[in-house]
Amino acid sequence: MAIRIDGKAISTEIKDELKERVAAYKAAGTDICLAVIQVGDDKASTVYVSNKKKACEYIGIKSLAYELPEETTTEELLAIIEELNGRSDVNGILVQLPVPKHIDEEKILLAISPDKDVDGFHPVSVGRLNIGQKGFRSCTPAGVIQLLKRTGISIEGKECVVVGRSNIVGKPMAAMLLAENGTVTICHSRTKDLASVTKRADILVVAIGKPKFITAEYVKEGAAVIDVGIHRMDDGKLCGDVDFADVEPVAGAITPVPGGVGPMTIAMLMNNCVESVELQKQ
Ligand code: GUN
């Protein structure tokens, strides 16, 4: 039976470590502040933003909330970002996605200073990750690396297979596993004979957005299986991209949904906010 990787416990451990670092900064006269911008009132976004504010409070980071009306224009949002870029008392800037359709999302993400880009979505942050420079790392894949490390699963020299090639998860996940000296393969919707590739994996990360897609036939005996997906089923229960009941007996370690990767994203956002102080000193 697989080890269940407890994302809730690991995220709490990380947040508690960050709390101590924030207290030390405070004692030395440095406050940390995250600006969180939400445009419109998408229900899921409101929950995410509220969780981010709560995490800031827990850790001792100040949060500046911007709740902007749905009709906000790209130009108005750009003006707010410009102002926040210039404020020395603001360390991190986050625009909750998705933004309403009439807003130019690419323009918005480009406008955030790469030195305050705590989501790690700016092309400069992506470039820094890919060439091994210091910078902000996308939170969800950074959380996966922490789950592996803190469970004692080494990445170096391992066959790592990432299923999914999104800009937020799949691609940065592959870059981070490579940076840890894994041997990395990325699979996607056009991959031929997916199971033959995923079966090679010592570490299998799944981020494809299809409920219970990965069954035991896709998994090598003893592999670490990390499930980034989250879906609400018709019966109201949550599940991931991995069929947990089917895969658990063959895996060596596995993340549950909920309580696996999910809680790590906010913990790593908080980590980026704390790291911002050092990055901004340079
Ligand atoms: N929407 C869903 N997840 C995220 C995230 O990690 N960051 C931002 N900015 N928006 C999101």
Side-chain angles (χ1 to χ4, degrees), residues 7 11 14-15 18 33-56 59 61 63-68 70 72 74 77-78 80-81 84-85 90-101 103-126 129 135-147 164 166-173 175-176 205 207-209 226-232 238 240-241 257-258 260-276:
S11 68
I14 291 172
K15 285 191 279 184
L18 292 171
C33 173
L34 169 68
V36 181
I37 305 170
Q38 183 183 356
V39 186
D41 52 9
D42 176 78
K43 264 200 199 129
S45 290
T46 303
V47 174
Y48 287 134
V49 164
S50 151
N51 288 340
K52 287 170 189 180
K53 285 187 220 159
K54 273 187 219 153
C56 282
I59 287 166
I61 292 174
S63 65
L64 266 185
Y66 287 78
E67 283 147 24
L68 306 176
E70 180 84 18
T72 305
T74 301
L77 188 48
L78 285 174
I80 291 170
I81 292 169
L84 293 169
N85 280 341
V90 172
N91 303 88
I93 304 168
L94 180 156
V95 177
Q96 186 65 27
L97 301 178
V99 285
K101 282 194 190 71
I103 291 180
D104 186 339
E105 183 180 301
E106 203 177 316
K107 226 178 190 177
I108 297 302
L109 295 182
L110 262 180
I112 296 171
S113 162
D115 294 325
K116 298 190 177 185
D117 173 38
V118 284
D119 261 328
F121 293 166
H122 193 288
V124 168
S125 299
V126 176
L129 162 65
F136 294 110
R137 305 297 192 238
S138 185
C139 300
T140 301
V144 171
I145 297 289
Q146 285 303 311
L147 285 178
S166 72
N167 289 336
I168 308 183
V169 182
K171 285 181 204 155
M173 185 74 257
M176 286 178 210
V205 183
I208 46 176
I226 310 291
D227 189 351
V228 182
I230 186 155
H231 312 273
R232 173 108 30 212
L238 293 171
D241 291 348
V257 176
V261 174
M264 295 300 290
T265 301
I266 288 187
M268 298 317 291
L269 172 69
M270 295 297 107
N271 180 68
N272 280 351
C273 292
V274 176
E275 289 290 324
S276 72

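We count ligands from 1, going down the list as the structure has it; atoms in each ligand are counted the same way.
- Using modelled atom types, one side-chain atom of T46 and one backbone atom of D42 make a donor-acceptor pair closer than 3.5 Å.
- By the 3.5 Å distance cut-off applied to N or O atoms, Q96 is counted among the residues near ligand 1.
- Looking from atom 8 (C) of ligand 1 to the surrounding protein, the closest heavy atom is D119 OD2, 3.4 Å.
- With S138 contributing its side chain and P141 its backbone, the two residues share no donor-acceptor pair below 3.5 Å.
- Below 3.5 Å of separation, one finds no N or O of L94 facing any N or O of ligand 1.
- Interatomic distance, L84 CG to L94 CG, rounded to the nearest 0.5 Å: 11.5 Å.
- For residues 264-276, the salt bridge (charged side-chain N to carboxylate O under 4.0 Å, His left out) pairs, not counting sequence neighbours, are R21-E275.
- For atom 1 (N) of ligand 1, the closest heavy atom belonging to the protein is L97 O, 2.8 Å.
- Within the 4.0 Å heavy-atom cutoff, K52 counts among the residues contacting ligand 1.
- Using a 4.0 Å cut-off to heavy atoms of V95, the atoms of ligand 1 that qualify are 8 (C), 9 (N).
- Checked by atom type, the side-chain pair D104/T74 shows no donor-acceptor distance below 3.5 Å.
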